[in-house]
Amino acid sequence: MKTVPPSRAAAEPLARVLRCTALALSLAAFAACGSDGAGSESAGVDASDDSLGAVSVAEGRAIQIRSLNSITGDAAHLGIPNQRIVELAIADFGPIHGFDVELGAGLDELCSADGGQSAAQTIVADQSVVGVIGTTCSVAATAAAPLITSAGITMISPSNTSPLLTSDLAGNPGQNHSPGYYRTSNNGLHVGEAVATMAFEHLGLTAAGVIHDGDPYSRSIAQAFADVFTSLGGSVTAFSAINKEDTDMVPILTEVASGNPQALFFPIFQPAGDFIADQAPNVSGLEDVTLLTDSALLIDGFMSLPQSEGVYISGPDTRFGSTPNQSTAKTAADVLAAYQHEYGEPPSSAFWGQAYDAATLLLEAVKAASEVSDGELLVDRARIREHLNSVRGYQGLIGTLDCDMFGDCGSQKVTVIHHLDHQDVEAGKANIVFEFAAER
(Lines give C-alpha, C1' and ligand atoms only; values in the text may rest on other atoms or scores of the structure.)
Protein backbone atom coordinates (compact mmCIF):
# COMPACT_ATOMS: atom_id res chain seq x y z
CA MET A 1 0.00 0.00 0.00
CA LYS A 2 1.36 3.42 -0.86
CA THR A 3 0.41 7.05 -1.07
CA VAL A 4 -0.05 8.20 -4.65
CA PRO A 5 1.05 11.66 -5.77
CA PRO A 6 -1.62 14.23 -6.64
CA SER A 7 -1.29 13.65 -10.36
CA ARG A 8 -2.73 10.15 -9.93
CA ALA A 9 -5.20 11.13 -7.22
CA ALA A 10 -7.67 13.03 -9.37
CA ALA A 11 -9.92 10.40 -10.83
CA GLU A 12 -12.36 13.17 -11.75
CA PRO A 13 -12.49 16.96 -11.25
CA LEU A 14 -13.03 17.93 -7.65
CA ALA A 15 -15.15 20.82 -6.44
CA ARG A 16 -13.16 23.79 -5.23
CA VAL A 17 -14.22 25.22 -1.94
CA LEU A 18 -12.90 27.98 0.25
CA ARG A 19 -11.09 27.42 3.46
CA CYS A 20 -12.65 29.61 6.11
CA THR A 21 -10.25 31.80 8.01
CA ALA A 22 -9.95 30.58 11.58
CA LEU A 23 -11.29 33.09 14.03
CA ALA A 24 -10.16 33.31 17.61
CA LEU A 25 -13.52 33.11 19.27
CA SER A 26 -13.84 34.01 22.91
CA LEU A 27 -15.94 31.52 24.77
CA ALA A 28 -18.09 34.30 26.12
CA ALA A 29 -19.08 35.22 22.59
CA PHE A 30 -20.67 31.88 21.80
CA ALA A 31 -24.30 32.36 20.82
CA ALA A 32 -26.70 29.76 22.11
CA CYS A 33 -28.94 29.97 19.06
CA GLY A 34 -28.35 30.96 15.47
CA SER A 35 -28.27 29.89 11.89
CA ASP A 36 -26.22 26.91 10.84
CA GLY A 37 -24.40 28.91 8.21
CA ALA A 38 -26.54 27.71 5.32
CA GLY A 39 -25.73 29.49 2.11
CA SER A 40 -22.04 29.97 2.88
CA GLU A 41 -19.36 28.14 0.96
CA SER A 42 -18.11 24.89 2.43
CA ALA A 43 -14.95 24.86 4.51
CA GLY A 44 -14.64 21.07 4.60
CA VAL A 45 -11.98 20.63 1.92
CA ASP A 46 -8.74 22.52 1.54
CA ALA A 47 -8.78 24.90 -1.43
CA SER A 48 -5.74 23.01 -2.73
CA ASP A 49 -7.67 19.75 -2.48
CA ASP A 50 -5.68 17.91 -5.15
CA SER A 51 -2.63 18.15 -2.89
CA LEU A 52 -4.17 15.60 -0.53
CA GLY A 53 -3.17 12.84 -2.90
CA ALA A 54 -4.49 9.29 -2.82
CA VAL A 55 -3.73 5.95 -1.27
CA SER A 56 -3.40 2.83 -3.37
CA VAL A 57 -4.36 -0.52 -1.88
CA ALA A 58 -2.77 -3.49 -3.58
CA GLU A 59 -4.84 -6.52 -4.48
CA GLY A 60 -5.18 -8.78 -1.45
CA ARG A 61 -4.45 -5.95 1.01
CA ALA A 62 -6.93 -4.07 3.22
CA ILE A 63 -8.09 -0.47 3.42
CA GLN A 64 -6.73 1.08 6.59
CA ILE A 65 -8.72 3.22 9.03
CA ARG A 66 -7.97 3.81 12.70
CA SER A 67 -9.85 4.13 15.98
CA LEU A 68 -8.60 6.91 18.26
CA ASN A 69 -10.43 6.86 21.57
CA SER A 70 -9.87 7.05 25.30
CA ILE A 71 -9.52 3.37 26.16
CA THR A 72 -7.66 3.56 29.47
CA GLY A 73 -8.11 5.76 32.51
CA ASP A 74 -11.15 7.58 33.82
CA ALA A 75 -12.72 8.24 30.40
CA ALA A 76 -12.48 4.62 29.24
CA HIS A 77 -16.20 4.16 29.98
CA LEU A 78 -16.75 6.55 27.06
CA GLY A 79 -14.01 5.43 24.69
CA ILE A 80 -14.15 1.65 24.86
CA PRO A 81 -17.78 1.42 23.65
CA ASN A 82 -16.89 3.77 20.78
CA GLN A 83 -14.09 1.48 19.63
CA ARG A 84 -16.14 -1.69 20.00
CA ILE A 85 -19.05 -0.27 18.06
CA VAL A 86 -16.76 0.80 15.23
CA GLU A 87 -15.52 -2.80 15.02
CA LEU A 88 -19.11 -4.01 14.69
CA ALA A 89 -19.95 -1.36 12.09
CA ILE A 90 -16.98 -2.34 9.91
CA ALA A 91 -18.08 -5.97 10.02
CA ASP A 92 -21.66 -5.02 9.16
CA PHE A 93 -20.62 -2.75 6.30
CA GLY A 94 -18.42 -5.37 4.66
CA PRO A 95 -15.79 -4.98 1.93
CA ILE A 96 -15.48 -1.87 -0.23
CA HIS A 97 -15.17 -2.66 -3.95
CA GLY A 98 -13.98 -6.13 -2.93
CA PHE A 99 -11.36 -4.87 -0.45
CA ASP A 100 -11.59 -5.55 3.28
CA VAL A 101 -11.40 -2.71 5.78
CA GLU A 102 -8.93 -3.06 8.63
CA LEU A 103 -9.10 -1.08 11.86
CA GLY A 104 -5.78 -2.07 13.36
CA ALA A 105 -5.02 -1.79 17.05
CA GLY A 106 -7.01 0.85 18.88
CA LEU A 107 -5.04 3.97 19.72
CA ASP A 108 -5.43 5.66 23.10
CA GLU A 109 -5.83 9.45 23.32
CA LEU A 110 -5.98 9.35 27.14
CA CYS A 111 -8.59 12.13 27.16
CA SER A 112 -5.77 14.67 27.06
CA ALA A 113 -4.07 17.00 24.60
CA ASP A 114 -0.75 15.21 25.01
CA GLY A 115 -2.38 11.84 24.44
CA GLY A 116 -4.18 13.11 21.37
CA GLN A 117 -1.02 14.57 19.90
CA SER A 118 1.05 11.44 20.52
CA ALA A 119 -1.54 9.12 18.99
CA ALA A 120 -2.00 11.46 16.02
CA GLN A 121 1.72 11.34 15.32
CA THR A 122 1.52 7.55 15.20
CA ILE A 123 -1.38 7.72 12.77
CA VAL A 124 0.15 10.22 10.33
CA ALA A 125 3.37 8.24 10.23
CA ASP A 126 1.42 5.48 8.44
CA GLN A 127 0.68 6.80 4.97
CA SER A 128 -1.76 3.98 4.25
CA VAL A 129 -4.39 5.36 6.65
CA VAL A 130 -7.36 7.04 4.93
CA GLY A 131 -9.61 7.87 7.89
CA VAL A 132 -9.88 8.01 11.67
CA ILE A 133 -12.85 7.48 14.00
CA GLY A 134 -12.25 9.62 17.07
CA THR A 135 -11.54 11.21 19.36
CA THR A 136 -13.57 10.48 22.49
CA CYS A 137 -12.66 13.71 24.29
CA SER A 138 -12.71 17.21 22.81
CA VAL A 139 -9.45 18.16 24.52
CA ALA A 140 -7.69 15.32 22.69
CA ALA A 141 -9.21 16.43 19.38
CA THR A 142 -7.84 19.97 19.72
CA ALA A 143 -4.34 18.49 19.50
CA ALA A 144 -4.99 15.49 17.25
CA ALA A 145 -7.23 16.98 14.56
CA PRO A 146 -4.76 19.56 13.17
CA LEU A 147 -2.07 16.90 12.72
CA ILE A 148 -4.38 14.27 11.25
CA THR A 149 -6.31 16.52 8.88
CA SER A 150 -3.26 18.44 7.67
CA ALA A 151 -1.81 15.06 6.64
CA GLY A 152 -4.82 14.61 4.33
CA ILE A 153 -6.58 12.11 6.57
CA THR A 154 -10.26 12.59 7.37
CA MET A 155 -11.38 12.38 10.99
CA ILE A 156 -14.89 11.89 12.36
CA SER A 157 -15.75 11.85 16.07
CA PRO A 158 -18.69 10.14 17.76
CA SER A 159 -18.49 12.03 21.06
CA ASN A 160 -16.69 15.39 20.84
CA THR A 161 -19.10 18.21 21.67
CA SER A 162 -16.97 21.34 22.11
CA PRO A 163 -18.13 24.18 19.81
CA LEU A 164 -14.47 25.09 19.38
CA LEU A 165 -14.02 22.10 17.07
CA THR A 166 -16.73 23.06 14.58
CA SER A 167 -18.54 26.39 14.80
CA ASP A 168 -20.43 28.95 16.87
CA LEU A 169 -23.64 28.06 14.95
CA ALA A 170 -23.65 31.58 13.51
CA GLY A 171 -21.50 30.86 10.47
CA ASN A 172 -18.08 31.23 12.09
CA PRO A 173 -15.51 28.46 12.53
CA GLY A 174 -14.48 27.53 16.04
CA GLN A 175 -11.05 28.37 17.32
CA ASN A 176 -9.94 24.73 16.92
CA HIS A 177 -11.76 23.94 13.67
CA SER A 178 -9.75 21.89 11.17
CA PRO A 179 -10.98 21.23 7.61
CA GLY A 180 -11.35 17.47 7.34
CA TYR A 181 -12.79 17.11 10.86
CA TYR A 182 -16.40 15.93 11.28
CA ARG A 183 -18.56 14.61 14.10
CA THR A 184 -21.84 12.79 14.62
CA SER A 185 -22.18 14.01 18.23
CA ASN A 186 -24.00 17.22 19.12
CA ASN A 187 -22.58 20.71 19.03
CA GLY A 188 -22.20 21.65 22.68
CA LEU A 189 -24.01 24.94 22.21
CA HIS A 190 -27.20 22.92 21.75
CA VAL A 191 -26.35 20.92 24.88
CA GLY A 192 -25.91 24.07 26.95
CA GLU A 193 -29.17 25.42 25.57
CA ALA A 194 -31.02 22.21 26.42
CA VAL A 195 -29.82 22.04 30.04
CA ALA A 196 -30.39 25.75 30.69
CA THR A 197 -33.88 25.60 29.23
CA MET A 198 -34.73 22.51 31.25
CA ALA A 199 -33.44 24.09 34.48
CA PHE A 200 -35.21 27.42 33.98
CA GLU A 201 -38.45 26.45 32.31
CA HIS A 202 -39.04 22.85 33.43
CA LEU A 203 -37.63 22.95 36.98
CA GLY A 204 -38.32 26.63 37.63
CA LEU A 205 -34.79 27.35 38.85
CA THR A 206 -33.69 30.97 38.53
CA ALA A 207 -30.21 31.02 40.12
CA ALA A 208 -27.39 28.69 39.09
CA GLY A 209 -23.72 28.25 39.88
CA VAL A 210 -21.42 26.77 37.25
CA ILE A 211 -18.17 24.82 37.69
CA HIS A 212 -15.89 23.70 34.84
CA ASP A 213 -12.37 22.28 34.64
CA GLY A 214 -10.97 24.58 31.96
CA ASP A 215 -10.68 22.12 29.08
CA PRO A 216 -12.34 22.82 25.70
CA TYR A 217 -15.30 20.55 26.40
CA SER A 218 -16.01 21.56 29.97
CA ARG A 219 -15.56 25.31 29.66
CA SER A 220 -17.46 25.70 26.39
CA ILE A 221 -20.46 23.66 27.59
CA ALA A 222 -20.46 25.60 30.85
CA GLN A 223 -20.35 28.91 28.99
CA ALA A 224 -23.16 27.86 26.65
CA PHE A 225 -25.31 26.98 29.65
CA ALA A 226 -24.53 30.28 31.36
CA ASP A 227 -25.30 32.33 28.24
CA VAL A 228 -28.68 30.72 27.67
CA PHE A 229 -29.65 30.61 31.34
CA THR A 230 -28.99 34.35 31.58
CA SER A 231 -30.86 35.08 28.36
CA LEU A 232 -33.91 33.28 29.75
CA GLY A 233 -33.92 35.52 32.79
CA GLY A 234 -31.91 33.41 35.20
CA SER A 235 -28.93 34.54 37.25
CA VAL A 236 -25.52 32.85 37.08
CA THR A 237 -24.25 33.29 40.61
CA ALA A 238 -20.78 31.82 40.03
CA PHE A 239 -18.69 30.68 37.10
CA SER A 240 -15.73 28.89 38.65
CA ALA A 241 -12.95 26.53 37.60
CA ILE A 242 -11.26 23.57 39.23
CA ASN A 243 -8.21 21.56 38.27
CA LYS A 244 -8.92 18.10 36.92
CA GLU A 245 -6.67 16.63 39.60
CA ASP A 246 -8.54 18.25 42.51
CA THR A 247 -10.11 15.96 45.08
CA ASP A 248 -11.08 18.45 47.80
CA MET A 249 -13.94 20.43 46.27
CA VAL A 250 -15.07 22.11 49.49
CA PRO A 251 -13.23 25.42 48.86
CA ILE A 252 -14.73 25.92 45.38
CA LEU A 253 -18.13 24.67 46.52
CA THR A 254 -18.06 27.09 49.45
CA GLU A 255 -17.30 29.90 47.04
CA VAL A 256 -20.22 28.83 44.83
CA ALA A 257 -22.53 28.53 47.85
CA SER A 258 -21.98 32.20 48.74
CA GLY A 259 -24.14 33.14 45.75
CA ASN A 260 -27.11 31.10 47.04
CA PRO A 261 -27.69 29.09 43.86
CA GLN A 262 -30.66 26.81 43.42
CA ALA A 263 -28.79 24.72 40.85
CA LEU A 264 -25.20 23.71 40.20
CA PHE A 265 -24.12 22.78 36.66
CA PHE A 266 -20.81 20.89 36.45
CA PRO A 267 -19.98 19.36 33.03
CA ILE A 268 -16.88 17.53 34.28
CA PHE A 269 -15.34 14.08 33.80
CA GLN A 270 -14.58 11.50 36.45
CA PRO A 271 -13.09 11.49 39.00
CA ALA A 272 -13.52 15.23 39.65
CA GLY A 273 -17.24 15.01 38.90
CA ASP A 274 -17.57 12.23 41.47
CA PHE A 275 -16.09 14.45 44.18
CA ILE A 276 -18.35 17.40 43.35
CA ALA A 277 -21.49 15.26 43.48
CA ASP A 278 -20.35 13.67 46.73
CA GLN A 279 -19.24 16.82 48.58
CA ALA A 280 -21.76 19.45 47.41
CA PRO A 281 -24.69 18.36 49.64
CA ASN A 282 -22.44 18.65 52.71
CA VAL A 283 -21.48 22.28 52.07
CA SER A 284 -23.51 24.89 53.91
CA GLY A 285 -25.87 26.58 51.47
CA LEU A 286 -25.81 23.71 48.99
CA GLU A 287 -27.75 21.13 51.02
CA ASP A 288 -30.75 21.35 48.69
CA VAL A 289 -29.03 22.47 45.50
CA THR A 290 -30.13 20.72 42.28
CA LEU A 291 -27.16 19.05 40.61
CA LEU A 292 -26.94 19.18 36.81
CA THR A 293 -24.24 17.64 34.64
CA ASP A 294 -23.59 16.43 31.10
CA SER A 295 -22.65 13.36 29.09
CA ALA A 296 -19.12 13.06 30.50
CA LEU A 297 -20.90 11.55 33.51
CA LEU A 298 -23.64 9.75 31.57
CA ILE A 299 -21.68 6.57 32.04
CA ASP A 300 -22.03 3.47 34.18
CA GLY A 301 -18.94 4.36 36.21
CA PHE A 302 -20.58 7.49 37.62
CA MET A 303 -24.20 6.38 37.66
CA SER A 304 -23.37 3.33 39.79
CA LEU A 305 -22.07 5.58 42.60
CA PRO A 306 -24.43 6.52 45.49
CA GLN A 307 -23.72 10.24 45.03
CA SER A 308 -25.11 10.10 41.51
CA GLU A 309 -28.65 9.68 42.82
CA GLY A 310 -30.80 12.73 42.18
CA VAL A 311 -28.47 14.21 39.56
CA TYR A 312 -29.88 15.45 36.26
CA ILE A 313 -27.66 14.34 33.36
CA SER A 314 -27.88 15.55 29.77
CA GLY A 315 -26.77 13.55 26.77
CA PRO A 316 -27.65 12.47 23.24
CA ASP A 317 -31.13 11.15 22.66
CA THR A 318 -30.76 7.37 22.54
CA ARG A 319 -34.38 6.58 21.64
CA PHE A 320 -33.36 5.51 18.17
CA GLY A 321 -36.42 3.52 17.21
CA SER A 322 -36.56 0.84 14.53
CA THR A 323 -35.33 2.75 11.48
CA PRO A 324 -32.18 1.02 10.21
CA ASN A 325 -28.85 2.51 9.30
CA GLN A 326 -29.10 2.91 5.53
CA SER A 327 -25.64 1.49 4.86
CA THR A 328 -25.96 -1.75 6.80
CA ALA A 329 -29.75 -2.19 7.27
CA LYS A 330 -29.06 -2.79 10.98
CA THR A 331 -31.39 -1.26 13.56
CA ALA A 332 -30.37 0.00 16.98
CA ALA A 333 -31.80 -3.17 18.50
CA ASP A 334 -29.68 -5.27 16.13
CA VAL A 335 -26.53 -3.40 17.08
CA LEU A 336 -27.23 -3.59 20.81
CA ALA A 337 -27.89 -7.32 20.57
CA ALA A 338 -24.63 -7.84 18.67
CA TYR A 339 -22.74 -5.76 21.23
CA GLN A 340 -24.22 -7.74 24.12
CA HIS A 341 -23.39 -11.03 22.40
CA GLU A 342 -19.84 -10.01 21.54
CA TYR A 343 -18.84 -8.24 24.76
CA GLY A 344 -21.22 -9.64 27.37
CA GLU A 345 -22.53 -6.26 28.50
CA PRO A 346 -24.38 -3.23 27.14
CA PRO A 347 -22.41 -0.13 26.07
CA SER A 348 -21.31 1.88 29.10
CA SER A 349 -21.83 5.27 27.45
CA ALA A 350 -24.56 6.97 25.44
CA PHE A 351 -22.57 7.60 22.24
CA TRP A 352 -22.67 4.10 20.78
CA GLY A 353 -25.20 5.08 18.09
CA GLN A 354 -23.07 8.07 17.12
CA ALA A 355 -20.04 5.77 16.86
CA TYR A 356 -21.86 3.36 14.57
CA ASP A 357 -23.04 6.14 12.28
CA ALA A 358 -19.61 7.81 12.28
CA ALA A 359 -18.08 4.57 11.05
CA THR A 360 -20.64 3.98 8.30
CA LEU A 361 -20.44 7.61 7.15
CA LEU A 362 -16.67 7.30 6.82
CA LEU A 363 -16.93 3.96 5.01
CA GLU A 364 -19.52 5.37 2.59
CA ALA A 365 -17.17 8.27 1.90
CA VAL A 366 -14.24 5.93 1.25
CA LYS A 367 -16.45 3.89 -1.07
CA ALA A 368 -17.50 7.00 -3.01
CA ALA A 369 -13.90 8.23 -3.22
CA SER A 370 -12.33 5.02 -4.52
CA GLU A 371 -12.20 2.88 -7.65
CA VAL A 372 -10.40 -0.23 -8.82
CA SER A 373 -7.75 0.11 -11.50
CA ASP A 374 -5.49 -2.71 -12.67
CA GLY A 375 -6.35 -4.75 -9.61
CA GLU A 376 -5.54 -2.07 -7.04
CA LEU A 377 -7.91 0.25 -5.22
CA LEU A 378 -7.20 3.95 -5.50
CA VAL A 379 -8.67 6.04 -2.66
CA ASP A 380 -8.75 9.78 -3.31
CA ARG A 381 -8.38 11.55 0.02
CA ALA A 382 -9.96 14.85 -1.07
CA ARG A 383 -13.01 13.05 -2.42
CA ILE A 384 -13.61 11.49 1.00
CA ARG A 385 -14.12 14.98 2.38
CA GLU A 386 -16.08 16.07 -0.66
CA HIS A 387 -18.51 13.22 -0.07
CA LEU A 388 -18.95 14.03 3.62
CA ASN A 389 -19.51 17.70 2.81
CA SER A 390 -22.41 16.67 0.58
CA VAL A 391 -24.14 14.41 3.13
CA ARG A 392 -27.80 15.37 3.36
CA GLY A 393 -30.60 13.16 4.59
CA TYR A 394 -28.41 10.19 5.51
CA GLN A 395 -30.41 7.78 7.66
CA GLY A 396 -28.35 6.62 10.59
CA LEU A 397 -29.22 4.90 13.83
CA ILE A 398 -29.41 8.28 15.58
CA GLY A 399 -31.73 9.82 13.00
CA THR A 400 -31.33 11.84 9.83
CA LEU A 401 -27.82 13.23 9.40
CA ASP A 402 -26.78 16.33 7.47
CA CYS A 403 -23.19 17.59 7.52
CA ASP A 404 -22.84 21.34 7.71
CA MET A 405 -19.94 23.40 6.41
CA PHE A 406 -17.91 22.97 9.59
CA GLY A 407 -18.34 19.23 10.08
CA ASP A 408 -21.35 19.07 12.39
CA CYS A 409 -23.30 16.05 11.14
CA GLY A 410 -25.22 15.02 14.27
CA SER A 411 -28.98 14.94 14.67
CA GLN A 412 -28.72 17.60 17.43
CA LYS A 413 -31.20 15.85 19.72
CA VAL A 414 -30.57 16.18 23.45
CA THR A 415 -32.32 14.59 26.41
CA VAL A 416 -31.98 15.10 30.16
CA ILE A 417 -32.47 12.21 32.54
CA HIS A 418 -33.13 12.26 36.28
CA HIS A 419 -31.08 9.47 37.84
CA LEU A 420 -32.72 8.15 40.99
CA ASP A 421 -31.21 4.75 41.84
CA HIS A 422 -27.49 4.01 41.63
CA GLN A 423 -28.29 0.28 41.75
CA ASP A 424 -30.37 0.49 38.57
CA VAL A 425 -28.31 2.37 36.00
CA GLU A 426 -30.42 1.32 33.03
CA ALA A 427 -33.57 2.66 34.66
CA GLY A 428 -31.77 5.95 35.20
CA LYS A 429 -30.81 6.18 31.56
CA ALA A 430 -34.42 5.59 30.59
CA ASN A 431 -35.86 8.18 33.00
CA ILE A 432 -36.00 11.04 30.50
CA VAL A 433 -37.56 14.21 31.95
CA PHE A 434 -36.74 16.70 29.19
CA GLU A 435 -36.03 16.56 25.48
CA PHE A 436 -34.64 19.09 23.03
CA ALA A 437 -34.25 19.08 19.25
CA ALA A 438 -32.39 21.93 17.60
CA GLU A 439 -33.75 23.52 14.46
CA ARG A 440 -31.46 22.70 11.56
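None of these values were measured; they are calculated from a predicted model.
- A donor-acceptor distance shorter than 3.5 angstrom exists from the side chain of D108 to the backbone of I71, with no hydrogens or angles considered.
- Interatomic distance, L78 CG to S349 OG, rounded to the nearest 0.5 Å: 5.0 Å.
- Panel note: side chain D402, backbone G393; a donor-acceptor pair is recorded below 3.5 Å.
- Aromatic rings of F302 and H77 (six-membered ring for Trp) have centroids beyond the 6.0 Å cut-off, not under it.
- In this structure a side-chain-to-backbone donor-acceptor pair under 3.5 Å is missing from E109 to D114.
- Using a 4.5 Å heavy-atom cutoff, the side chains of P346 and E426 are in contact.
- Contact record, P216 with L164: CB-CD1, 3.8 Å, taken as the closest heavy-atom pair.
- Taking both residues in full, the closest heavy atoms of A224 and G192 are given as CB-CA, 3.9 Å, listed atom of the first, atom of the second, then distance.
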Pair N82-S67, side-chain hydrogen bond (donor to acceptor under 3.5 Å, both in side chains): steps then yes or no: CA-CA 9 Å; N82 287 355; S67 168; over 6 Å; no
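- With rounding to the nearest 0.5 angstrom, the CG atom of L305 is 8.5 Å from the NE2 atom of H419.
- Of the possible polar contacts, none joining the D246 side chain to the D248 backbone as a donor-acceptor pair under 3.5 Å is found.
- Side-chain N or O atoms of S118 include none that pairs as donor or acceptor with a backbone N or O of G115 at under 3.5 Å.
- Considering only heavy atoms from C-beta on, H190 comes within 4.5 Å of F436 through its side chain.
- Looking at T230, its side chain never comes within 3.5 Å of a backbone N or O of D227 through a donor-acceptor pair.
- The backbone N or O of A62 sits less than 3.5 Å from a side-chain atom of Q64, completing a donor-acceptor pair.
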Using atom types as modelled, flag every donor-acceptor pair under 3.5 Å from a side chain in residues 130-143 to any protein atom, sequence neighbours excluded.
{"from": "T135", "atom 1": "OG1", "to": "C137", "atom 2": "O", "distance (Å)": "2.8"}
{"from": "T135", "atom 1": "OG1", "to": "A141", "atom 2": "N", "distance (Å)": "3.4"}
{"from": "T135", "atom 1": "OG1", "to": "N160", "atom 2": "OD1", "distance (Å)": "3.4"}
{"from": "T135", "atom 1": "OG1", "to": "N160", "atom 2": "ND2", "distance (Å)": "3.1"}
{"from": "T136", "atom 1": "OG1", "to": "N69", "atom 2": "OD1", "distance (Å)": "2.7"}
{"from": "T136", "atom 1": "OG1", "to": "S70", "atom 2": "N", "distance (Å)": "2.9"}
{"from": "S138", "atom 1": "OG", "to": "T161", "atom 2": "N", "distance (Å)": "3.2"}
{"from": "S138", "atom 1": "OG", "to": "S162", "atom 2": "N", "distance (Å)": "3.2"}
{"from": "T142", "atom 1": "OG1", "to": "V139", "atom 2": "O", "distance (Å)": "2.7"}

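- Residues F406 and Y182 place their aromatic rings such that the two centres sit no closer than 6.0 Å.
- No side-chain donor from either of T415 and E435 sits under 3.5 Å from a side-chain acceptor of the other.
- A side-chain donor-acceptor contact under 3.5 Å links S314 and D294.
- Residues N172 and S167 bring no donor and acceptor atom of their side chains to less than 3.5 Å of each other.
- We find that R66 and E102 are not joined by a salt bridge, their nearest charged nitrogen and carboxylate oxygen being 4.0 Å or further apart.
- Listed here is the closest heavy atom pair of T154 and R385: OG1-CG, 3.1 Å.
- Neither side chain, T166 nor Y181, offers a donor N or O lying under 3.5 Å from an acceptor on the other.
- Note that CD of E342 and CD1 of I85 are 11.0 Å apart. Values are rounded to the nearest 0.5 Å.
- Of all heavy-atom pairs between F99 and V57, the closest is CE2-O, 3.4 Å.
- For the residue pair Y394 / D357, no side-chain donor-acceptor distance below 3.5 Å is found, with atom types taken as modelled.
- Using a 3.5 Å distance cut-off with no hydrogens or angles, the side chains of T331 and D334 do pair a donor with an acceptor.
- At least one side-chain heavy atom of T328 sits less than 4.5 Å from a side-chain heavy atom of T360.
- Note: Y217 and F269 have tilted aromatic rings, judged against thresholds of 30 and 60 degrees for the angle between ring planes.
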Determine, stepwise, if the pair E386 / R381 fulfils salt bridge (Lys or Arg N to Asp or Glu O under 4.0 Å). CA-CA 9 Å; E386 184 182 48; R381 285 174 159 171; over 6 Å; no
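- The shortest side-chain heavy-atom distance between N389 and M405 does not fall under the 4.5 Å cut-off.
- Legend: disulfide (SG to SG under 2.5 Å) pairs involving residues 141-177, not counting sequence neighbours: none detected.
- Counting heavy atoms of neighbouring residues, nucleotides and ligands inside a 6.0 Å radius, atom NZ of K429 exceeds 12 of them.
- Side chains of D126 and S128: a donor-acceptor N/O pair is present below 3.5 angstrom, by distance only.
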Could you go through L292 and V311, starting from their C-alpha distance and side-chain angles, then the distance that decides it, and tell me whether this counts as side-chain contact (heavy atoms from CB on, under 4.5 Å)? CA-CA 6 Å; L292 314 168; V311 179; over 6 Å; no
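- Counting only heavy atoms from C-beta outward, the side chains of M303 and H422 never approach each other to under 4.5 Å.
- With contacts defined as side-chain heavy-atom distances shorter than 4.5 Å, the pair L378/S56 qualifies.
- A heavy-atom distance below 4.5 Å is not found between the side chains of V101 and F93.
- One N or O on the side chain of Q270 and one on the backbone of G301 form a donor-acceptor pair closer than 3.5 Å.
- For the atom pair OG of S308 and CG of D278, the computed distance is 10.5 Å after rounding to the nearest 0.5 Å.
- To the nearest 0.5 Å, atom CG of residue L103 and atom CD1 of residue I90 are 4.5 Å apart.
- Taking all atoms of both residues into account, the shortest heavy-atom contact from L52 to A382 is CD1-CA, 3.5 Å.
- With H97 contributing its side chain and S370 its backbone, the two residues share a donor-acceptor pair below 3.5 Å.
- With values rounded to the nearest 0.5 angstrom, L264 atom CG is found 4.5 Å from I211 atom CD1.
- Within the 4.5 Å cutoff, the side chain of V414 has no heavy atoms near those of the D317 side chain.
- Side chain to side chain, E255 and S240 meet the donor-acceptor criterion of an N or O pair below 3.5 Å.
- Y339 and E87 form no side-chain donor-acceptor contact under 3.5 Å, judged by distance and modelled atom types alone.
- At a cut-off of 3.5 Å, with distance as the only test, no side-chain donor of D213 or N243 sits close to an acceptor on the other residue.
- By the 30° and 60° cut-offs, the orientation of the rings of Y312 relative to H418 is parallel.
- H212 places no side-chain N or O within 3.5 Å of a backbone atom of I242 that could act as its donor or acceptor partner.
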Would you check, one step at a time, whether the test side-chain contact (heavy atoms from CB on, under 4.5 Å) holds for F265 with I221? CA-CA 10 Å; F265 181 52; I221 300 289; 3.7 Å; yes
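- R84 and E345 get closest at one heavy-atom pair: NH1-OE2, 2.9 Å.
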Worked verdict on S327 versus E364 for side-chain hydrogen bond (donor to acceptor under 3.5 Å, both in side chains): CA-CA 8 Å; S327 299; E364 287 285 6; 2.6 Å; yes
Test side-chain contact (heavy atoms from CB on, under 4.5 Å) on F351 and T184; report intermediate values, then the result. CA-CA 9 Å; F351 291 98; T184 50; over 6 Å; no
Chi angles and distances behind the side-chain contact (heavy atoms from CB on, under 4.5 Å) call for R183, L165: CA-CA 9 Å; R183 65 181 174 202; L165 294 165; 4.0 Å; yes
